[in-house]
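Contents: one structure, followed by commentary.
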Protein chains: 2
Amino acid sequence: MNTATSTRDLAHPTRDEIRLEGVLHALSDPMRLLIVREMAVAETELACSYFTLPVTKSTTTHHFRVLRESGVIRQAYRGTAKLNGLRREDLDALFPGLIERVLEAAALEADRLGTDG
Amino acid sequence: MNTATSTRDLAHPTRDEIRLEGVLHALSDPMRLLIVREMAVAETELACSYFTLPVTKSTTTHHFRVLRESGVIRQAYRGTAKLNGLRREDLDALFPGLIERVLEAAALEADRLGTDG
DNA sequence: GCCAAACTACGACGAGCGTCGTACGATAGA
DNA sequence: TCTATCGTACGACGCTCGTCGTAGTTTGGC
């Protein structure tokens, strides 16, 4: 048990480094879009283990990394868990209203297709 | 020279078949985002040859097909040319405000990075 | 009928993605 | 200290993507 960010300093892009193409690509995967949607609903930060995706843990880790490296989410260790949160402020500053519309569109589509919930 | 849609009936997804993931993926490529941006500025439908992209014609054709098959654009032959137009109505009906935000975000980013125009 | 222009089809190639499994590292609690 | 939990690293596999080049098809005009 060392200091807070002991084990591993996770690399996040700064706000300036976030690219629209990267964000769109990150959101264009069904699994990742699902993750982001669940994350948007919950106001608190969620551990990776909270999400029960139909893929293995390795794959889940991969998706979280893509989301973090594209600037969509923020990750931080807390004990054995890793907390995840949307970078709403940064995203809204760079791309006003975009995330909100994507989330809205995803909800509408889920409704329309009867998939997900 | 046969009837109007002689040579080739271009396959377009119906409104119901358009998927958010597909649209986001289509927009996540720099070339395609560029195409869509130019298309959004011009109100009229544009021929493929209008766009001067830093890739070959084969590649351009490929990108236009991706855009069409994902439901982002509409294509129709007119003589030797092929006219392209955004499917704004369908997209707005399915994903209200989404395209507008993406275009806005792309413009902001281009401004921010000093790229493009 | 012939040619130029616009776009397509097809095959190829290298790169990247999404997925998995196994082995590993770090933390918390008993 | 031992162990269970949470997440990572690494390599692998198949598939898709973005790109190109060449050859071909359709259309319009001369």
Side-chain angles (χ1 to χ4, degrees), chain A residues 1-12 19 21-36 39 45-70 72-85, chain B residues 1-12 19 21-36 39 45-70 72-85:
Chain A
M1 132 194 2
N2 317 1
T3 54
T5 57
S6 59
T7 46
R8 201 149 181 73
D9 279 334
L10 295 164
H12 290 76
R19 293 289 171 273
E21 290 87 346
V23 170
L24 293 179
H25 172 250
L27 297 175
S28 73
D29 180 272
M31 290 302 150
R32 291 196 289 261
L33 191 50
L34 216 90
I35 292 174
V36 169
M39 216 173 278
E45 305 209 318
L46 299 170
C48 293
S49 56
Y50 172 85
F51 304 86
T52 52
L53 303 171
V55 293
T56 65
K57 290 218 294 187
S58 303
T59 305
T60 302
T61 296
H62 163 70
H63 285 311
F64 274 101
R65 181 169 44 198
V66 173
L67 286 171
R68 185 187 74 239
E69 293 182 345
S70 65
V72 176
I73 70 172
R74 191 187 310 106
Q75 296 191 291
Y77 284 101
R78 173 156 181 182
T80 77
K82 196 176 183 181
L83 296 185
N84 303 275
Chain B
M1 107 195 30
N2 318 0
T3 54
T5 58
S6 59
T7 45
R8 198 143 184 79
D9 280 335
L10 294 165
H12 289 75
R19 293 290 171 272
E21 290 86 346
V23 171
L24 293 178
H25 172 251
L27 296 174
S28 73
D29 180 272
M31 291 301 150
R32 291 195 290 262
L33 191 51
L34 215 91
I35 292 174
V36 169
M39 216 173 280
E45 306 209 317
L46 299 171
C48 293
S49 55
Y50 172 85
F51 303 86
T52 53
L53 302 172
V55 292
T56 65
K57 291 219 291 186
S58 303
T59 305
T60 303
T61 296
H62 163 70
H63 285 311
F64 274 102
R65 181 169 44 199
V66 173
L67 286 170
R68 186 187 75 239
E69 292 182 346
S70 66
V72 176
I73 70 172
R74 191 187 310 107
Q75 296 191 291
Y77 285 102
R78 175 157 179 180
T80 78
K82 196 174 182 180
L83 296 184
N84 302 276

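For the numbers below, each heavy atom of this structure counts, side chains included, while hydrogens, waters and symmetry mates do not. Chain naming here is simple, since letters A, B, ... match the order of the sequence lines and numbering starts at 1 in each.
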**OP:** Answer yes or no: does a side-chain N or O of B:His25 lie under 4.0 Å from OP1 or OP2 of D:dT16?
**Re:** no
Original post:
Taking B:Asn84 as the fixed residue, which of B:Leu67, B:Val36, B:Ile73 is the one that meets the side chain to side chain contact (heavy atoms under 4.5 Å, CB included) rule?
Top reply: B:Ile73
Original post:
Starting at CG of B:Leu34 and ending at P of D:dT19, how long is that distance when rounded to a whole Å?
Top reply: 12 Å
Original post:
Is a side-chain N or O of B:Thr61 found less than 3.5 angstrom from the main chain of B:Lys57, in a donor-acceptor match?
Top reply: yes
Original post:
Taking the side chain from B:Arg32 and the backbone from B:Ala26, do they hold a donor-acceptor pair closer than 3.5 Å?
Top reply: yes
Subject >> Residue pair A:Leu27 / B:Leu24: nearest heavy atoms and the distance that separates them >> reply: O-CD1, 3.6 Å
Original post:
Starting at the 5' end of DNA chain C, which residue's closest nucleotide do you reach first, A:Arg32 or A:Thr80?
Top reply: A:Arg32
Subject >> Smallest separation among heavy atoms of A:Val23 and A:Ser70, with atom names >> reply: CG2-O, 3.7 Å
**OP:** Send over the distance from B:Leu33 CG to D:dG18 C1', rounded to a whole Å.
**Re:** 16 Å
**OP:** Among D:dG7, D:dT19, C:dA6, find the nucleotide with the atom closest to the side chain of B:Met31.
**Re:** D:dT19
Original post:
How long is the line joining CZ of A:Phe64 and C1' of C:dT19, in whole Å?
Top reply: 16 Å
Subject >> Gap between atoms CG and P, on B:Leu53 and D:dT19 respectively (whole Å) >> reply: 9 Å
**OP:** Give the rounded distance in Å between these two atoms: CD of B:Glu45 and P of C:dC7.
**Re:** 13 Å
**OP:** Mind running a 4.0 Å heavy-atom check of residues 55-62 of chain B against DNA chain C and sending the residues that fall below it, in number order?
**Re:** B:Lys57, B:Ser58, B:Thr61
Original post:
Please give, in whole Å, the distance from C:dC7 P to B:Leu67 CG?
Top reply: 15 Å
Subject >> Check: B:Ala11 main-chain N/O paired with B:Arg68 side-chain donor or acceptor under 3.5 Å >> reply: yes
**OP:** Using the test salt bridge (Lys or Arg N to Asp or Glu O under 4.0 Å), find all partners of A:Glu45 that sit at least two apart in sequence or belong to another chain.
**Re:** A:Arg74
**OP:** Please report, rounded to the nearest Å, how far the C1' atom of C:dA5 is from the CZ atom of B:Arg78.
**Re:** 16 Å
**OP:** Using whole Å, report how far CZ of B:Phe51 lies from P of C:dA6.
**Re:** 14 Å
